[in-house]
Amino acid sequence: MINFLNLEYFLVASEELNFTRAAKQLYISQQSLSSHILNLEKEFGVALFNRTTPLTLTYAGQVLKKKARQMIQLREETYHEIADIKDFTKGRLNIGMSHTRGRWILPKILPVYQERFPGIDLHLREGNSTELDADLLHGDVDLIIGMLPFQVEDVETVPVCKEEILMVVPDAVLERTYPGQLEDRKRRLAEHAALSLVRECPFLLIKPGNRVRTLADEMFTEAEVSPRVILETENIETVLALALEGMGITFYPKMLMSGHEPLKPQGVNFLGAGFYHLTSPVAHGVLGIGYHKGHYMSRATKEFIEIAKEYVGTI
C-alpha cells in the first residue's frame, strides 16, 4: 500500500531536484528523506531519480510526480467532502492573495467569516499573480483573489467588485521632464490621462508576474509608449512611496487608495502627486475570486465567496 508521507516527500524532492534543499524544506534530515524515497522505489521496483549532478527524474519518476499530485489532491478533497457532509464544524480554507491587497480586503471578510464559522482553520498564502495562479492550479490554495482574468486553466471566476488602476504622476517629475509646463500638463492629464502625455517621464514599476504590471505593459503597448523604467520592485507600496517622493511615475489600484485619501471623479492631487483615471479600457477591470472547477469546492470555500461578495463592495 502506498504511504502518502512517502509521496509527499517525493513530490518536494521532485520539485527541488536536490535532496539537501528538499530535506531542509521538510524539516527532516537528508538521511530520513533518502529513506522515504528508497521505500517508494522498493515498492514500485524502479528507480525514481537518476543520482547524477544535477539530480534528475527517471521516466518512472516523471510519471509518479504527476500521479502523486493527483492522489494527494484526491485524498485532501475526500477529507474535505466528508467533513462537509458530517457537520461543517471543522475544516480548512486556504486563501491566495497578493501581500498588499490582502491588507485592505481581508479585514472586511475574515472577522465576519470567523465569527460565523469558528471551526474553520484559515490559512493565507501570499504571492504575486503568477505564483498564486500556479498555487491554484496545483491545489495549494482553495481560491485566489485578484483582478480578472486569472492566467490559469480550468478556473471558475466570481466577479466581486469593479477595480481601476490609477496613474500616479508626481509634480516634481512633470516639472523636471517638461520645464515650465507643470500646470498645463496637470490640466491635460486631468482632462484626458493618456500615457502619451508622459511618455518621456521615468517610471517605477512593480516586477513582472504581478497583475498590475501585466496591465501596465498592456497599456504601454496599446499607447505605443516605450517606458523608461528606472526601478522595479515586488512591493507596490514601495513604488508608491518612491513616486510620492518625486522619483518617477507609477500605477496603483484604486481600491488601495481607501487607506490614503478619497478620490474625486477627475482625480486628486495630494502629497505632491496627481492620481489620474486612465483613459485606457485596460485600466478598468473587475476584482474577482477564482477557484479550480476541476477540484472539489468545499462549503468553506462557498461561504467565503458569499461573504466576500457581500462585504468587499464596502471598501
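Computed from a prediction, not measured in an experiment: that's the story for all the values here.
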Identify the heavy atoms of L33 and A23 that sit nearest to each other, and give their distance. CD2-N, 3.7 Å

Pair E41 + R51, salt bridge at N-O below 4.0 Å: yes

Closest non-hydrogen atom pair, L106 against P111: O-CD, 3.6 Å

Connecting only ILVMFWY residues whose side-chain heavy atoms lie within less than 4.5 Å of each other, what is the rest of L136's hydrophobic cluster? L132, L137, V141, I144, L148, F150, V152, V155, V286

Determine, stepwise, if the pair E191 / Y276 fulfils side chain to side chain donor-acceptor pair (under 3.5 Å). CA-CA 9 Å; E191 293 174 353; Y276 297 100; over 6 Å; no

Parallel, tilted or perpendicular: which fits the ring planes of F203 and F251, with parallel below 30° and perpendicular above 60°? parallel

Using side-chain heavy atoms (C-beta onward) and a distance below 4.5 Å, is R211 in contact with P149? yes

In the single-linkage hydrophobic clustering (I, L, V, M, F, W, Y; side-chain heavy atoms under 4.5 Å), do L74 and L7 co-cluster? no

Only one of I165, L189, L166 clears side-chain contact (heavy atoms from CB on, under 4.5 Å) with H277; which? L166

Path from L38 to F10 over hydrophobic side-chain contacts below 4.5 Å: no

For G246 versus A172, what's the shortest heavy-atom pair and its separation? CA-CB, 4.2 Å

Given side-chain contact (heavy atoms from CB on, under 4.5 Å), test F304 with V112 step by step and report yes or no. CA-CA 10 Å; F304 180 91; V112 178; over 6 Å; no

Hey, are the side chains of E232 and P208 touching, using non-hydrogen atoms and a 4.5 Å cut-off? yes

Is there a donor-acceptor contact under 3.5 Å from the side chain of E163 to the main chain of P253? no

Grouping I, L, V, M, F, W and Y whenever their side-chain heavy atoms are under 4.5 Å apart, do L5 and I28 come out in a common cluster? yes

N/O donor-acceptor pair under 3.5 Å between T250 side chain and L204 backbone: yes

Please report the C-alpha distance between L242 and T233 in whole Å, then the side-chain angles of each, then the deciding distance to 0.1 Å, and finally whether the side-chain contact (heavy atoms from CB on, under 4.5 Å) criterion is met. CA-CA 11 Å; L242 292 172; T233 176; 5.9 Å; no

Okay, side chain of T177, backbone of E200: is any donor-acceptor separation there less than 3.5 Å? no

Short side-chain to backbone donor-acceptor contact, S35 and Q31, under 3.5 Å: no

Minimal non-hydrogen separation, M147 against L287, with atom names: N-CD1, 4.0 Å

Across all chains, not counting sequence neighbours, the side chain to side chain contact (heavy atoms under 4.5 Å, CB included) partners of Q73 are E77, H295

Locate the shortest heavy-atom distance separating L278 from A193; write the atom from each residue and the value. CD2-O, 3.4 Å

Test your reading of the model: is there a side-chain donor-acceptor pair from R21 to the backbone of E16, 3.5 Å cut-off? yes

Any donor-acceptor N or O pair under 3.5 Å, side chains H123, R92: yes

Would you say L195 and E222 make side-chain contact, with heavy atoms under 4.5 Å? no

Give me the one residue out of I206, L205, N128 that meets side-chain contact (heavy atoms from CB on, under 4.5 Å) with I236. I206

For the side chain of N94 and the backbone of D142, is there at least one donor-acceptor N/O pair under 3.5 Å apart? no

Is the shortest side-chain heavy-atom distance between E234 and N210 below 4.5 Å? yes

Heavy-atom pair of closest approach, residues I249 and V198: CD1-CB, 3.6 Å

Side chains of F49 and L17: closer than 4.5 Å at any heavy-atom pair? yes

Taking atom types as modelled, find out whether S298 and T301 have a side-chain donor-acceptor pair closer than 3.5 angstrom. yes

Does the side chain of V160 reach to within under 4.5 Å of the side chain of I105, using non-hydrogen atoms? no

Should F44 and F4 be regarded as members of a common hydrophobic cluster, given that ILVMFWY residues are connected when their side-chain heavy atoms come within less than 4.5 Å of each other, either directly or indirectly? yes

According to a 4.5 Å side-chain heavy-atom criterion applied to Ile, Leu, Val, Met, Phe, Trp and Tyr, with indirect links allowed, do M219 and V229 form part of one hydrophobic cluster? yes

Within the 4.5 Å heavy-atom criterion, are R185 and L197 side-chain neighbours or not? yes

Looking at E8 and R75, is any side-chain nitrogen of the basic one under 4.0 Å from a carboxylate oxygen of the acidic one? yes

Audit row: T20, K24, side-chain contact (heavy atoms from CB on, under 4.5 Å) steps and yes/no: CA-CA 6 Å; T20 301; K24 186 176 181 180; 5.9 Å; no

Looking only at the side chains, is there a donor atom on one of Y113 and E306 sitting less than 3.5 Å from an acceptor on the other? no

From CA spacing to verdict: side-chain contact (heavy atoms from CB on, under 4.5 Å), T214, Q151: CA-CA 11 Å; T214 301; Q151 306 300 312; over 6 Å; no

Would a 4.5 Å heavy-atom cut-off, applied to side chains only, mark I95 and R125 as touching? no

